[in-house]
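Counting starts at 1 for both ligands and their atoms, following the listed order. The model shown is predicted, which means the values in this text are computed figures rather than measured ones.
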Amino acid sequence: MESAGIEVKQVAGALGAEIHGVDLSQSLSNSEFDAVHQAFLDHQVIFFRDQTITPEQHIEFGRRFGELDVHPFAAGLDDHPEIIHVLKEPKDHSGRTFGGGWHTDVTFYEKPALGSILYALDVPESGGDTQFANMYAAYETLSDGLKETLDGMTAVHSASRAYGERGRAMHRDKESYSSMKVRTGPDAETEIEHPVIRTHPETGRKGLFVNRAFTVRFKGWTEAESMPLLEYLYNHAVRPEFTCRFRWEKGSIAFWDNRCTHHFAINDYHGKRRSMHRVTVCGDRPV
Ligand code: SIN
C-alpha cells in the first residue's frame, strides 16, 4: 500500500510492516505523519531501514506521538534522560539481555506506554533479533467462554520481578553483570490494576493485556490460583502464528504499540556487541 509517497509492506501474517520512503532525520509532514500513524495502528509494529538519526531527532519523532517517558529503573543517557541505552557488550554475561522475555513495556505504571521506538546503533552480524506478538489475535482466538470470563477480570501488575525484591538476587548475582545501568528498589513493589482485556483507545479493538514480566496475579485471586490461567494465556499469546521476527541492521528502527503487542529480545549473540537507543511514548489508563 502507498500513501504520501510512503510504501507499507507487511512482513508476516499476524503483525508487522516495513515502511519505505520516509527519512526520520527530517520532520515528517502532516500527511507523512498520518500515513506512518495509520500503518502503526494497522500493523501494531512498524519497521524502518537505513535511518541515521541523532538523539534529538529520535526524541522529535517520538514526541509526534505523545510525551516521552523517563524510565524509573533503567538509566537514560546523561544528556537525554528519555533515551534508554539498551546495551550488551561482549564481556557481559551470556545469560541475560534487557527485554529478554515476552513482555509489554512498563505495564507497572498506572498509565502504561503507548509505544516504544528502538533505534539500532550497532548490531551483531547474526543474532539479537526481536520477536513481536499480536494481542488482538491472542484475544480473538480464545473461546467465547474464556473471553466472557476474562472480560470482567482485573489483573495486578508490578515491577517487582524485574526491579524489586524478586529481581534483586538476579541483579546482585555477578553472573548477571550487564553494561546497562539498571537499579532496583522498594518502589518496584507498587501494585497497579489493569483490565485483563483492554480496548485499544484508537482502534477500538480488544486485546489481551497480561504479560509474563509484570503481571503478578488476578485481582482477588492468590498468585498460586492465578498462575495456571496466566501461564495458559502467556503461552497462547505467543503462538507462532501470532508473531513476527525482526532482523536488525545498523540504522533499523522498530516502533511497537505497547497497547496491543508483546515483544521479546532474543539473547543469542553471546560475546558480541548490540547497542540500541529506545524512547518510550507515554500512554493512557487501560480500559
Ligand atoms: C526492549 O524490551 O525494549 C528491548 C527490545 C530489544 O532490545 O530488542
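- More than 12 heavy atoms of other residues, nucleotides or ligands lie within 6.0 Å of CD in Glu223, so this atom counts as buried by the packing criterion.
- Atom numbering of ligand 1 starts at 1 in the shown order; those under 4.0 Å from a heavy atom of Trp256 are 3 (O).
- Side-chain contact annotation: His103 with His263, donor-acceptor N/O pair under 3.5 Å present.
- Looking only at heavy atoms of the protein, atom 7 (O) of ligand 1 is closest to Arg274 NH1, 2.8 Å.
- Within ligand 1, the atoms closer than 4.0 Å to a non-hydrogen atom of Thr130 are 6 (C), 8 (O), numbered from 1 in the order shown.
- Ranked by closest heavy atom to atom 5 (C) of ligand 1, the top entry among Asn258, Val106, Leu118, Thr280 is Leu118.
- A centroid separation of 6.0 Å or more is found between the aromatic rings of Phe242 and Tyr139.
- Of all atoms in ligand 1, numbered sequentially from 1 with element shown, those under 4.0 Å from a heavy atom of His103 are 2 (O).
- Considering only non-hydrogen protein atoms, atom 4 (C) of ligand 1 sits nearest to Phe98 O, 3.9 Å.
- Within the structure, every pair that satisfies the salt bridge (charged side-chain N to carboxylate O under 4.0 Å, His left out) test and touches residues 10-21, not counting sequence neighbours, is listed here: Glu18-Arg49.
- Residues His194 and Phe214 keep their aromatic ring centres 6.0 Å or farther apart.
- Atoms of ligand 1 lying under 4.0 Å from at least one heavy atom of Val86, given by number and element, are 7 (O).
- Ligand 1 places these atoms under 4.0 Å from at least one heavy atom of Gly99: 2 (O).
- The CD1 atom of Ile59 sits 6.5 Å away from atom CD of Glu56, with the distance rounded to the nearest 0.5 Å.
- When Gln131, His262, His263 are ranked by how near their heavy atoms come to atom 2 (O) of ligand 1, first place goes to His263.
- Geometrically, ligand 1 and Arg278 share a nitrogen or oxygen pair separated by less than 3.5 Å.
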Can I get a per-line list of side-chain donor-acceptor pairs under 3.5 Å for residues 276-287, giving both atom names and the distance, sequence neighbours left out?
{"unit_1": "Arg278", "atom_1": "NE", "unit_2": "Thr280", "atom_2": "OG1", "d": "3.0"}
{"unit_1": "Arg278", "atom_1": "NH1", "unit_2": "Asp105", "atom_2": "OD1", "d": "3.3"}
{"unit_1": "Arg278", "atom_1": "NH2", "unit_2": "Thr280", "atom_2": "OG1", "d": "3.2"}
{"unit_1": "Asp284", "atom_1": "OD1", "unit_2": "Arg198", "atom_2": "NH2", "d": "3.4"}
{"unit_1": "Arg285", "atom_1": "NH1", "unit_2": "Glu110", "atom_2": "OE2", "d": "2.9"}

